[in-house]
J.: 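Can you read through this structure? Questions will come right after.
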Amino acid sequence: MRSSHNRERRPEQGRPTKKTLKTKPVLVVLGLLLAGNLLWFIAWLIPNGPSGGNEEVASVDGNPITREDWLVAMEEQYGQETLLELVNSKVMETAAKKYDINVSEEEIDLELALIRSAQDASDSSLQALNGEVQRQKIRSQLILDKVLTKDIVINDDEIESFFKENQALYNIPTTYRTRMMILPTADEAKSAVKELDNGSSFDVLARERSLDSASASLGGDIGYITSQQENMDPAIIYAATKLKAGEWSDSLNLEDGRIAVVYVEDVAEGKSFKYDQVKDHIKRELALEQLPQSVSPEAFWKEFDTEWFYSE
């Protein structure tokens, strides 16, 4: 097992059947998470002084690209989506105050655990997200769900029945946030491992060398995997479960003949949630099923006198 402790760590309708994980609220969140990170990134780029906008951040054949050029391009590509996410977050916080809605850290922890255990290996929704940004987006979605369902009555018998039929859904296994790179030969895999030992970034090497185009574009990120995952090569699963956070494997021989190197970025220990811990979650999920259609935070803009830069 190889370690990276010397390198900087990267800050990431209808009732279901017994085999279907109930994740409607969090799935809505996932589509918004990346926008939140972009907001943080743009804020980081904003110059602190009056002359910061003219700072050269790159050049091509002697022609400079300034920080201002960069910011303008970022705003044009991501500005509206990012501002929308910020406005909606503020709207939900305002709604929480008006309707006396509270969201606990334990509720966010539960949603995160459900996301990790439900995530398909090919799902990139959780990639490259800052943990605090992720928690804030889940908080906003929980506020929205609680506001929408506050007047819907669900009987305790119905909640308890759902839990008994779907209790396995709340036994969350240990999950491993994993990256991989697929190399053409064992020698190239050994060479990659040597570079990692010498301090190279797994993210960068995966983007440059991995033959798996889907994960390579994400720095090798294949999301959270578990020891029981069926759609993943057994060698990758075995290696991941034996590594600690921040460690990578030696070269691995996969069933299809390819060669891989695996890196475990984070380990989330498994947990079994008891009925009292998930009762409110189940109640909210069952109540959401009774809504005639999905509702977004924009539905509350008029109520809270919301205006924004892109208003017509």
Side-chain angles (χ1 to χ4, degrees), residues 13-33 36 85 88-119 125-126 129 131-175 224 226 268-300 303-304:
Q13 295 266 351
R15 185 179 305 181
T17 66
K18 294 178 66 174
K19 295 183 179 180
T20 302
L21 185 61
K22 193 74 172 68
T23 55
K24 177 183 177 294
V26 294
L27 290 177
V28 177
V29 173
L30 296 180
L32 300 174
L33 290 171
E85 172 61 13
N88 282 339
S89 178
K90 294 291 185 182
V91 167
M92 287 297 95
E93 292 298 332
T94 304
K97 292 179 181 179
K98 177 176 179 178
Y99 295 106
D100 194 26
I101 299 295
N102 295 307
V103 174
S104 69
E105 292 301 309
E106 290 74 19
E107 287 177 299
I108 297 176
D109 288 340
L110 172 59
E111 299 297 335
L112 280 171
L114 292 174
I115 292 172
R116 289 193 294 264
S117 65
Q119 186 188 19
S125 300
L126 285 179
L129 297 173
E132 288 306 311
V133 172
Q134 189 179 54
R135 296 183 72 85
Q136 179 57 44
K137 304 316 155 190
I138 292 177
R139 170 180 167 79
S140 293
Q141 185 63 41
L142 285 172
I143 293 172
L144 174 61
D145 293 340
K146 289 187 176 189
V147 171
L148 295 175
T149 61
K150 61 184 179 64
D151 297 322
I152 299 178
V153 177
I154 303 295
N155 295 326
D156 285 350
D157 289 345
E158 191 174 1
I159 299 173
E160 188 170 356
S161 176
F162 179 90
F163 178 75
K164 289 179 179 179
E165 293 175 4
N166 299 275
Q167 190 168 357
L169 301 180
Y170 303 103
N171 294 326
I172 310 299
T174 297
T175 54
Y224 287 92
T226 71
E269 296 296 333
K271 181 177 181 180
S272 293
F273 292 91
K274 298 180 180 180
Y275 175 71
D276 288 342
Q277 294 175 296
V278 301
K279 179 179 179 180
D280 289 342
H281 165 84
I282 296 173
K283 180 181 180 179
R284 187 170 59 253
E285 293 293 319
L286 295 176
L288 285 168
E289 292 176 1
Q290 297 188 18
L291 297 178
Q293 60 186 20
S294 61
V295 181
S296 70
E298 287 93 317
F300 294 86
E303 179 178 352
F304 299 120

J.: Are Leu291 and Ile152 packed together at the side-chain level, in the sense that at least one heavy-atom pair is separated by less than 4.5 angstrom?
T.: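 Touching, per the 4.5 Å side-chain cut-off.
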J.: Is there side-chain contact between Gln290 and Ile154, with heavy atoms separated by less than 4.5 Å?
T.: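 When only atoms from C-beta onward are counted, Ile154 and Gln290 do touch, with a gap below 4.5 Å.
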J.: With side-chain contact (heavy atoms from CB on, under 4.5 Å) as the criterion, how do Tyr275 and Gln167 come out once you've worked through the C-alpha distance, each side chain's angles and the decisive distance to 0.1 Å?
T.: CA-CA 9 Å; Tyr275 175 71; Gln167 190 168 357; over 6 Å; no
J.: Ignoring hydrogens, what is the shortest heavy-atom contact between Val91 and Pro297? Give both atom names and the distance.
T.: CG1-O, 4.0 Å
J.: Work out which heavy atom in Ser117 is nearest to a heavy atom in Ile172; give both atom names and the distance.
T.: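 Answer, listing the atom of Ser117 first, then Ile172: OG-CD1, 3.6 Å.
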J.: Any ion pair linking Glu160 and Lys164 (charged N to carboxylate O, less than 4.0 Å)?
T.: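 A salt bridge is present here (some side-chain N lies under 4.0 Å from a carboxylate O).
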J.: Starting at CD1 of Ile108, measure out to CG of Leu142 and round the result to the nearest 0.5 Å.
T.: 6.5 Å
J.: What distance do Asn102 atom CG and Ile143 atom CD1 have between them, rounded to the nearest 0.5 Å?
T.: 9.0 Å
J.: Which value, rounded to the nearest 0.5 Å, describes the distance between Asp151 atom CG and Tyr99 atom OH?
T.: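 Rounded to the nearest 0.5 Å, the CG-OH separation comes to 9.5 Å.
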J.: Using a strict threshold of under 4.0 Å (side-chain N to carboxylate O), is an ion pair present between Asp109 and Arg135?
T.: yes
J.: Could you tell me whether a side-chain N or O of Gln277 sits under 3.5 Å from a main-chain N or O of Lys274, the two making a donor and an acceptor?
T.: yes
J.: What distance separates Glu303 CD from Lys98 NZ, expressed to the nearest 0.5 Å?
T.: 3.5 Å
J.: For the backbone of Lys90 and the side chain of Thr94, can you confirm whether one donor and one acceptor N or O come within less than 3.5 Å of each other?
T.: yes
J.: What class does the angle between the rings of Phe163 and Tyr170 fall in, given that below 30° is parallel, 30 to 60° is tilted and above 60° is perpendicular?
T.: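 Answer is parallel, since the angle falls under 30°.
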J.: Is there a donor-acceptor contact under 3.5 Å from the side chain of Thr174 to the main chain of Gly270?
T.: yes
J.: Give the minimum heavy-atom separation between Ala268 and Arg116, together with the two atoms involved.
T.: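 The answer is CB-NE, 3.4 Å.
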J.: Just so I know, are the side chains of Glu289 and Leu286 near enough to count as touching, which here means a heavy-atom distance under 4.5 Å?
T.: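 Sidechains of Leu286 and Glu289: in contact.
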J.: Take His281 and Glu285 through the side-chain contact (heavy atoms from CB on, under 4.5 Å) test and state the conclusion after the steps.
T.: CA-CA 6 Å; His281 165 84; Glu285 293 293 319; 3.7 Å; yes
J.: Specify the closest pair of heavy atoms between Thr149 and Asp145, including all atoms of both residues, with the distance to one decimal.
T.: OG1-O, 2.7 Å
J.: Would you indicate whether Lys146, at its atom NZ, is surrounded by more than 12 heavy atoms from other residues, nucleotides or ligands within a distance under 6.0 Å?
T.: yes
J.: Kindly determine whether Ile115 and Gln134 satisfy side-chain contact (heavy atoms from CB on, under 4.5 Å), including the steps that lead there.
T.: CA-CA 11 Å; Ile115 292 172; Gln134 189 179 54; 5.7 Å; no
J.: Can you name the nearest heavy-atom pair linking Phe304 to Ala95, along with the distance?
T.: CZ-CA, 3.6 Å
J.: I need the minimum non-hydrogen distance between Met92 and Ser140, along with the two atoms involved.
T.: CG-O, 3.7 Å
J.: Can a donor-acceptor pair be found, under 3.5 Å and without considering hydrogens, that links the side chain of Ser104 to the backbone of Glu107?
T.: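 A pair under 3.5 Å: yes.
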J.: Quick check: do Arg139 and Glu93 have side-chain heavy atoms less than 4.5 Å from each other?
T.: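 They are in contact (side-chain heavy atoms under 4.5 Å apart), so the answer is yes.
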J.: Check step by step if side-chain contact (heavy atoms from CB on, under 4.5 Å) holds for Glu85 and Lys137.
T.: CA-CA 9 Å; Glu85 172 61 13; Lys137 304 316 155 190; 2.7 Å; yes
J.: Working to the nearest 0.5 Å, report the span between OG of Ser161 and CG of Asp156.
T.: 12.0 Å
J.: From Ser294 OG over to Leu144 CG, what is the distance, rounded to the nearest 0.5 angstrom?
T.: 9.5 Å
